[in-house]
Amino acid sequence: MKFTPRHFNPANTDGAAVDANGAVTAGSGAHPGDVYVYAPKVILAVNIALATGRPLLVSGEPGSGKTTLARNVAKILDAWFFKQTVTSRTKAVDLLWTFDTLRRLSDAQAEEDLPDPRAYVEPGILWWAFAPESAALRGTEGALPRVTKAKNPGQPPVKAKSTDAVVLLDEVDKADPDVPNDLLEPFDVSQFTVTETGDEIVRTRKNVLLILTTNGERELPPAFLRRCVTLPLVDEPTEEWLVNIATQRLSADPEGPPDLASEVTRMRSVAGEVIKWRQTALDAGVRRPGTAEFLDAYQVCRELNIDSGSPAWQQVALSVLWKQEKAPARVPE
Amino acid sequence: MRPPISFGDALRAAHALAPQDDDARDAILAALGLTVSPAIKVAAPGLGVWKASSNAAIGRVANAPTVTVTAPDAAPAPVAPRAIEPGSSRTLATLDTTTSTSSSAPSWLSSAGAPLDEAPDVVPVLKSRSLFGTRTNRALLSTAVARLAAEGAPNVARILDTIAEGRPLRTLPRHVEPTLRLGADVLVDLGCGMDPFRQDVDVVLERFAGIVAADRLKVEYFTGTPLRGAGAAGADVTSRWTSTRQDAPVVVLTDFGIGAPLTTRDRATTGEWIEFAMTVRAAGRPLVAFVPYEARRWPPVLVRLVTMIHWSERTTAAAIRRAVREGARAWR
């Protein structure tokens, strides 16, 4: 698959490595999101979203790396990163702002002289992404008495001058069915009005990439799907893939072991077990352990010095890889 | 809101990414929800041929299979009626229908005609019409299953009333809004009276899976009433149904035995259904029934205990909302 990754190219980052299949390992660090292995179709999908200005809908099983992808994309684009996990109570307007009615009422009962209503406006992540300056001032044009500056909830880029933003809306399938369509509306408009204060907020930041993730637990409305660039992440890790991910993480960890080579043996052993447990889960019709579970299991083995052949490994596997109420009928050997 | 993804987005992506092979082109189109068809050629740089998969095709697909039937050689000559002779006792039985004014049989009768073309390999399967229309069933089911929860905007009127009366405001009263987050328990009647509606049951279950989160949707099957025994597909259905959740509605897909023969064991008595309705009520849960027969056939006693919805293509969301509201009022 040959194309020009004009807008997003992780291969151009420091220390990036490209394997024979075209997958790019980019980033370094021990935290989730610091390192990501990009398959060519992932690089393509991010570029399409940036080229068309459409949201990127990433679907996949829990633990397949959807959230990690968004963090890493923000890191590579050197953009502000805003994240919100959608719940069954999330409303689209909450992404723009919330108004603390209860605090205002409490202040009204306690004091005679109330501050300006803007003091109770809390800008949401889309407001911060679209118009950070007005978000900091809660929609005012200048400082007002007793209206404190709002705190930016986003993660700043490395370079302070970056003007781009990546907004992650995690698990959109958790919301009520009508909400996903409503979520796109504030993303499309170039201005909005804060109902409680009447302030008109104009979008000042041009480059905002919206990434939405779904675990596929609920069907998303067709009208919503037709407005998104879709990227299904199929977590089908191989032993090599898992070892590669773990090696990248460990090599950047300042508290990592001095001898990485010896750890690779343990990684391979745990990765092999994960592949076996994936088959066991598939046979049992339950969710298969993925990359996230492998990293957890490997971390446990490393810290507690457990080998995959030891009796303790069985308990680790049941707790970290299997995660079901009852043990499988047949445990992998 | 921005319009759906279209050819313009594909062009924009192709211009930016300059795909150099078919794999890259196909991947771009797939990510945008578009597909490639060899039937239509479009002069778009780097895109080759494509056809919208989610919208109507931009152009007709060429070489679609057709069946041709040759017309008859000549139109059949009309048979003129014989004049009735005055005084004759002509009846239908005596009417001579073999006589006609035309001198010979029509030509199409003797000619075999040209043979039909061979039938296409793929025979189109007629789509069945579901009881709830395909476009509206999602909205109808959402309306039936949504529960009202006080999670909306603050109810300023109630707040002011509380303050004006000098009472402390212990919680913030909010407007009530419908929500699906409580999920639903769906009970499917396997009785013979429901046999004509099996396909509709499948459609409804599929639709429920799309609107209610997987971990909040429980589907069980029963015969008679759920109190005789209910269980998941393939599981033992001898255990009496019990309520394991609070608040989530119980939805029953049943005909209440209306369509079943009187003597079959599949048909439960009204008393059994009353017992089931009272069990659900005691658990504090709303009970909604989708019934594929008209209201005039519903057991009158059950109408007071169960929120019944006529499962029909004429059912509207407004009617469902009304039924649910009335059911909630009767429940109290």
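Here is the naming used below: chain letters follow the sequence lines, and residue numbers restart at 1 for every chain. When reading the values below, keep in mind they use all heavy atoms of this one structure, side chains included, and skip hydrogens, waters and symmetry mates.
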*With the side chain counted from C-beta on, respond yes when M1(A) and D26(B) share a heavy-atom pair under 4.5 Å apart, and no when they do not.*
no
_Is the shortest side-chain heavy-atom distance between P154(B) and R104(A) below 4.5 Å?_
no
*For K2(A), does the NZ atom sit with more than 12 other heavy atoms under 6.0 Å from it, leaving out its own atoms?*
no
_Out of V156(B), D22(B), D23(B), I211(B), return the one with the most heavy atom pairs under 4.5 angstrom to chain A._
I211(B)
*How long is the gap from CD1 on I28(B) to CG on N47(A), to the nearest 0.5 Å?*
9.0 Å
*asked:* Heavy-atom cut-off 4.5 Å, strictly under: side chain, backbone, both or neither for I159(B) against chain A?
replied: side chain
*Could you check which of P5(A), P221(A), P222(A), A223(A) has the highest count of heavy-atom pairs closer than 4.5 Å to chain B?*
P221(A)
*Part of A209(B) within contact of chain A (heavy atom distance under 4.5 Å)*: backbone
*Examine whether an atom of P232(A) lies under 4.5 Å from a heavy atom of chain B, and if so say whether it belongs to the side chain, the backbone or both; otherwise answer neither.*
neither
*Is the number of heavy atoms from other residues, nucleotides or ligands under 6.0 Å of E206(B) CD greater than 12?*
no
*Of the listed residues (A31(B), A13(B), A214(B)), which shares the most heavy-atom pairs with chain A below a 4.5 Å separation?*
A31(B)
*Measuring from L17(B):CG to I43(A):CD1, what's the distance to the nearest 0.5 Å?*
11.5 Å
_Minimum heavy-atom distance between P19(B) and F3(A), given as atom pair plus value_ = CA-CB, 4.2 Å
_Taking atom CD as the centre, does Q191(A) end up with more than 12 heavy-atom neighbours from other residues, nucleotides or ligands that are less than 6.0 angstrom away?_
yes
*Examine distances only and state if a side-chain atom of R2(B) and a backbone atom of G53(A) form a donor-acceptor pair shorter than 3.5 Å.*
yes
*asked:* Could you report the tightest heavy-atom contact between L44(A) and A27(B), atom names first, then the distance?
replied: CD2-CB, 3.3 Å
*Using a cut-off of under 4.5 Å on heavy-atom pairs, state which of A149(B), A16(B), G8(B) scores highest against chain A.*
A16(B)
*Can you see which heavy atom on I5(B) is nearest to which on R227(A), and at what distance?*
CD1-C, 3.9 Å
*asked:* Please give me the minimum heavy-atom distance between T52(A) and D9(B), naming the atom from each residue.
replied: CG2-O, 3.5 Å
*asked:* Taking side chain as everything from C-beta outward and backbone as N, CA, C, O, which of these in T230(A) sits under 4.5 Å from a heavy atom of chain B? Side chain, backbone, both or neither.
replied: both
*asked:* Is K174(A) close to chain B through its backbone or its side chain, or both, or neither, when contacts mean heavy atoms under 4.5 Å?
replied: neither
*Part of A30(B) within contact of chain A (heavy atom distance under 4.5 Å)*: backbone
_Quick check on D215(B) against chain A: is it the side chain, the backbone, both or neither that has a heavy atom closer than 4.5 Å?_
side chain
